[in-house]
Each structure stands twice: as C-alpha cells, then as structure tokens.
Amino acid sequence: MNFQESIFVAGHRGLAGGAILRELQRAGYGNVLTRTRGEVDLTDRVAVRRFFEAEKPRIVVLAAAKVGGIQANNDFPVEFLLENLKIQNNVIEAAADFGARKLLFLGSSCIYPKLAPQPIPESALLSGPLEPTNDAYAIAKIAGIKLCQSYAREYGRDFICAMPTNLYGPGDNFDLASSHVLPALLRKVHEAKSSGAKTVVVWGTGAPRREFLHVDDLAGACRFLIEHYDSPEMINVGCGEDVTIRELAELICEVVGFTGELIFDMSKPDGTPRKLLDTSRLTALGWRPRTALREGIAQTYAWYRERETRGT
Ligand code: GFB
C-alpha cells in the first residue's frame with residue numbers, strides 16, 4: 001500500500017465516514033482528503049466534478065449518504081431516494097472520469113428482501129420484495145451497487161461495494177425523531193435515569209432482531225477491503241450475532257444503570273423481523289470484528305455523556 005496516495009473520504013462528518021477517517025489516519029495514510037458540505041455539496045454535480053478535476057483522488061471512500069432510522073425512512077422516502085441517488089451518481093461518475101484507481105461504496109443491510117434467509121448471504125440481493133419502511137433508501141443503495149458493478153464489468157474499474165449491518169458508536173445521531181434504535185434508546189434511558197422517570201418507551205413489539213456493529217469495526221473492515229479486496233461481488237460487513245430489540249433495551253438499561261420499566265409502543269412499526277448478515281465471505285479473507293456489544297454500548301454511552309457535559 002502506498003500511504004501517500006490521495007484518499008477522498010466522502011461523508012467524513014457522519015458516523016461511518018468519521019470512523020473511516022480516524023482509521024486511515026491511525027494507519028498512517030498521509031494524504032486523506034475531506035470536504036464539508038459547505039465546501040463541496042455532493043448533491044451538486046458541477047461542484048463534485050470541479051472538486052474531482054482539481055484533486056483527482058486516487059482512492060474514493062463513498063460514506064456520504066442521507067441516513068436515518070425507521071421513522072425518518074418511513075416519513076421521507078422522497079428525500080432518502082433522491083438525495084442518495086444524487087450523491088452516489090455524482091461521486092461514482094466523477095471518480096471514474098477523473099482517474100480514481102479504486103472506489104469503496106457503502107451500502108446497507110436493508111437492500112436485502114424483508115424475508116431473506118438468515119443469516120443473509122450476498123446472493124439474496126433482488127430475490128424478493130423489500131421492507132416497505134425503507135424501500136426508497138434501499139432502492140437508492142441498490143442502484144449504487146449496480147453502478148459500481150457496471151463500471152467494473154463495462155470498464156474494468158476497481159469499484160467495490162461493502163454492505164454494513166446496523167452501525168452504532170461515537171458520532172452517532174441521537175435525535176429521537178431521526179435516529180436509529182441504539183442511540184435513541186441510549187438517550188431515552190439516560191434521560192429517564194437522570195429525571196427519575198419510572199418508564200422508558202420502546203417502539204414496536206421488541207421482537208425484531210437486529211445485528212449491531214461498532215463503527216470502529218466497520219472502519220477497520222473498510223480499510224481491510226481497500227487494501228485487500230478488488231472483486232465486483234459485494235461483501236457483507238457484520239459481527240455475526242443479533243439480539244432482539246427487547247434484549248438491546250435491557251442491555252442498555254444495565255449499562256446506564258436504569259432499573260425502571262420498559263413500555264412497548266405497538267403503534268410504532270417493527271420493520272424487518274430479522275436482519276442478520278452472513279459474513280462468511282469477509283471472514284474467509286481473515287477479517288474479524290473486535291468490539292463486543294456491551295463494551296461498545298458502554299463506550300458510546302461514555303462518549304455521549306462527555307458530549308453532554310461539553311454541551312456540544
Ligand atoms: O434502528 P431502526 O430505526 O431501523 O429500528 P431499522 C430498529 C428497530 O428498533 C425497529 C425499534 O423495530 C424499531 O421499531 N425501536 C424501538 C426503535 N425503539 C426505537 C426508538 O426509540 N427509535 C428507533 N429508531 N427505533 C433502518 C432503516 O431500519 O436500518 C435504514 O430504516 C437503515 O434504512 C438502517 O437500513 C440500518 O433497523 O428497522
């Protein structure tokens with residue numbers, strides 16, 4: 001690996017992109033490029049092409065996306081579809097046109113059918129209907145995968161795609177209307193403990209199963225793939241274990257030290273019943289995650305409290 005090659009991390013202020021930036025810097029990459037939205041709006045094709053023409057990054061990590069939890073996805077399908085299509089079309093096309101030698105596109109486990117076999121192999125893509133609460137986002141991500149694979153097939157480009165499972169960790173979004181379940185429950189349980197409340201509301205039945213990967217593990221996997229993977233076959237990134245939402249909520253209560261009651265609000269959607277990725281393609285290459293769920297939640301909680309103290 002040439003550590004002086006330029007790498008553009010698109011989306012470095014997000015959960016995944018921020019962790020990938022830290023990972024690359026820790027590993028000694030000396031020429032990592034980033035741009036804020038104010039500097040280069042990735043939904044703006046002209047701005048993106050101007051940036052690529054000037055900088056000609058050799059490697060591109062496409063971690064920029066409009067993301068959100070089940071409610072945000074359900075309420076704003078137009079924004080999730082349009083914004084993601086624009087970002088990925090602009091960045092992938094510019095990477096191809098201005099000489100990037102490699103591109104890593106980050107998808108999502110929600111690209112797979114609602115009732116896919118568990119654990120979900122990469123081959124389950126497009127084998128059945130999607131989960132309706134996030135089908136717009138999933139369609140955008142599937143289009144991104146197909147664009148990368150098409151560049152590989154038609155033009156021989158080394159554009160690879162990784163499919164992460166549900167992510168969490170420092171830098172996550174804790175806004176209750178738009179966040180994913182883990183940061184939402186961490187915040188709700190913390191606030192209940194702080195205010196002396198006796199109950200915490202959990203959306204849905206508590207029965208759906210989800211797999212949670214610490215974002216630093218995702219970042220490690222991304223670096224591993226940039227350095228060792230060049231197949232157009234997409235590759236799942238997960239930790240290999242899932243829990244029910246009830247179990248997750250109970251674990252969060254333990255970590256936070258909240259002894260009150262969980263109330264399940266059945267008026268909220270459950271979404272996909274189960275989403276556990278088959279990661280055998282990645283583990284066969286020798287990569288393993290490091291962070292156990294309890295430890296990762298405790299570390300994320302410490303980060304959240306520190307941020308709260310700082311008032312940022
Ligand atoms: O993490 P989450 O919002 O998204 O919700 P998905 C996972 C499960 O947790 C659902 C339940 O069954 C929710 O009903 N849940 C319980 C909660 N309490 C809460 C809460 O307070 N907040 C939230 N947000 N959920 C997303 C997709 O699906 O996963 C995205 O919408 C993306 O497109 C992402 O793929 C990884 O796992 O259901």
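Heavy-atom basis, side chains included; hydrogens, waters and symmetry copies ignored.
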- prompt: Do Thr133 and Glu131 have side-chain atoms, one donor and one acceptor, less than 3.5 Å apart?
  reply: yes
Asp265, Leu262, Leu185 screened by side-chain contact (heavy atoms from CB on, under 4.5 Å) with Val201, the one that passes: Asp265
task: I would like to know whether Leu62 and Ile87 meet side-chain contact (heavy atoms from CB on, under 4.5 Å); could you show each step before the answer?
output: CA-CA 9 Å; Leu62 182 37; Ile87 293 171; 4.1 Å; yes
message: For His228 and Phe224, take the angle between the two ring planes, folded into 0 to 90°, and tell me which bin it lands in: parallel under 30, tilted 30 to 60, perpendicular over 60.
response: tilted
field: Cation-pi check, Lys66 onto Phe80 ring (under 6.0 Å, within 45° of axis)
entry: yes
message: Could you check whether any side-chain heavy atom of Val189 comes within less than 4.5 Å of a side-chain heavy atom of Cys253, counting everything from C-beta outward?
response: yes
query: Do Thr205 and Asp270 have side-chain N/O donor and acceptor atoms under 3.5 Å apart?
result: yes
query: Does the side chain of Tyr112 pick up a donor-acceptor pair with the side chain of Asn236 at under 3.5 Å?
result: yes
message: Less than 3.5 Å apart, any donor N or O on the side chain of Glu295 or His214 sitting next to an acceptor on the other?
response: no
message: Contact between Leu213 and Val237 at the side-chain level, heavy atoms closer than 4.5 Å - yes or no?
response: yes
query: When rounded to the nearest 0.5 angstrom, what is the spacing between CG in Asp242 and CG in Leu248?
result: 11.5 Å
- request: Supply the atom-to-atom distance Thr272 OG1 to Gln118 CD, rounded to the nearest 0.5 angstrom.
  value: 8.5 Å
